[in-house]
Amino acid sequence: MKIAVIGCGYLGAVHAAAMASLGYETIGIDIDEAKIERLRRGEPPFFEPGLPELLRAGVDAGTLRFTADVAEAAGSDVVFVAVGTPQRAGSDAADLTYVDAAIASLLPHLAPGTLVAGKSTVPVGTAQRLAELIAPTGATLAWNPEFLREGFAVEDTLAPDRLVYGVADGDEASVAALDAVYAAILARGTERLVMSFATAELVKVSANAFLATKISFINAMAELSETVGADVTQLADAIGLDARIGRRFLNAGLGFGGGCLPKDIRAFQARATELGHEQTLGFLREVDQINLRRRDRMVELIDGELARVGGDRVALLGLAFKPNSDDVRDSPAIDVARRLQEQGRVVTCYDPEAGETALRSVPTLTIAASVEEAIRGADVLALGTEWQEFRDLDPVAVAAQTEARVIVDGRNTLDAKRWAAAGFKVIGLGRPDTAPASGALASEPSA
Ligand code: UDX
């Protein structure tokens, strides 16, 4: 089987490498020549655990190739479309420029029998429109949304929770073609659901809307907890034990960012409004607002501590929108860093992987090469991303390397008692502060 994947970003590069690992002759196509060059050498253009090994194996075996020439998609049995659908400038709606350009460039190379399988997240109604564009070539369209999480992209692609096929009424040939592509995954008993284009498109955006809502729900509880002195992490543990609710995605903190949830909930609302359903998804506006307010709160907490200790230097640990990723798109931590800088604070940041991407996105940032370098001379420490490296920090060692005696944990991820025992005041989001333990190993600096 010959597979082409158009778009070699977070989604497409992983999908292409996964297809090659399943034994298919795979070609990844992207308009970005520099990206293609790197991929040809087996180097991913971004950080994703497991991807370097998978890429190199495919490239070395000769089953995985990359090109900037879309004509090389000709003769493929299945062409996956995995290009980005960012937020449109000046609007909440999805920008379909890349999807439309990919399909337009593909049209001259399609032939009867080819299956075009859309993976990009698109507004409901898009697949039907594209299917009509493709029909004269004799090729067919299916919509096969992807649910992969960055940081777990390889695992989610090769061992997904479910496979979703959106197909035209009665199109059994496309179902059979996708079944053949995913044969190894289906053989392990993975659920496969066949539905209409519109349902498949909605499955994807509603899944992301639900996840975003779950996070904002717990962050709304965090706001209330701050006022009444409750602890949102205990609250999440308690309600999460109800199997109907579940503990996953109930971590209160700085909230969601990344290339998917924020823009997808906005695009979903914009599409619903076009369809006459502004009220139906009106709650997503609140979900977005609650999420953004957590960033304000983090800045406010850091400001408060700077005022208390009479300093202006902040060490921010973590810049990626989540751990195990170097992606800083709509990253809450970056937003906090930028705002503190705008207020004239001196912010030194460190991230195990995202320093370079962060600097590309906000060139004014000061990036340290290590935790040690970032915290040296700081007045207040802050945590923006829950990397394992930060969870593993020894607070006693940290206390020896910095004057700061307070840490604002934007992800509620540190062991507050341990940090307090080492002399730190620990401030979480939605939980009472933990005061430094009396007789702590390190004491408050005399200033
Ligand atoms: C998301 C969806 O999970 C995935 O299914 C979809 O295909 C793409 O969008 P991703 O953007 O990789 O994936 O990240 P995810 O793990 O969902 O986290 C999103 C954001 O929510 C991160 O900023 C994370 O820190 C935050 N988050 C997550 C919380 O604040 N609390 C939680 O409990 C969980």
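Values below: every heavy atom of this structure, side chains too, minus hydrogens, waters and symmetry copies. Along the sequence shown, residues carry numbers from 1. Atoms within each ligand, like the ligands themselves, are counted from 1 in listed order.
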**Message:** Between R294 and A252 (side chain of the first, backbone of the second, donor and acceptor by atom type, cut-off under 3.5 Å), is there such a pair?
**Reply:** no
**Item:** N291 CG to L254 CG distance, which is reported to the nearest 0.5 Å
**Value:** 9.0 Å
**Message:** If the condition is ring-ring contact (aromatic ring centres under 6.0 Å, His included), which residues does F321 pass it with, not counting sequence neighbours?
**Reply:** none
**Prompt:** Side chain of D231, backbone of T233: donor and acceptor closer than 3.5 Å?
**Reply:** yes
**Message:** Quick check on salt bridge (charged side-chain N to carboxylate O under 4.0 Å, His left out): which of R266, R338, K322 does D330 satisfy it with?
**Reply:** R266
**Prompt:** Taking the side chain from W143 and the backbone from V164, do they hold a donor-acceptor pair closer than 3.5 Å?
**Reply:** no
**Request:** Kindly tell me which protein residues have any non-hydrogen atom under 4.0 angstrom away from an atom of ligand 1, grouped by chain and ordered by number?
**Result:** E146, F147, L148, R149, E150, K204, N208, L211, I215, F249, L250, N251, G255, F256, G257, C260, L261, F321, K322, R411
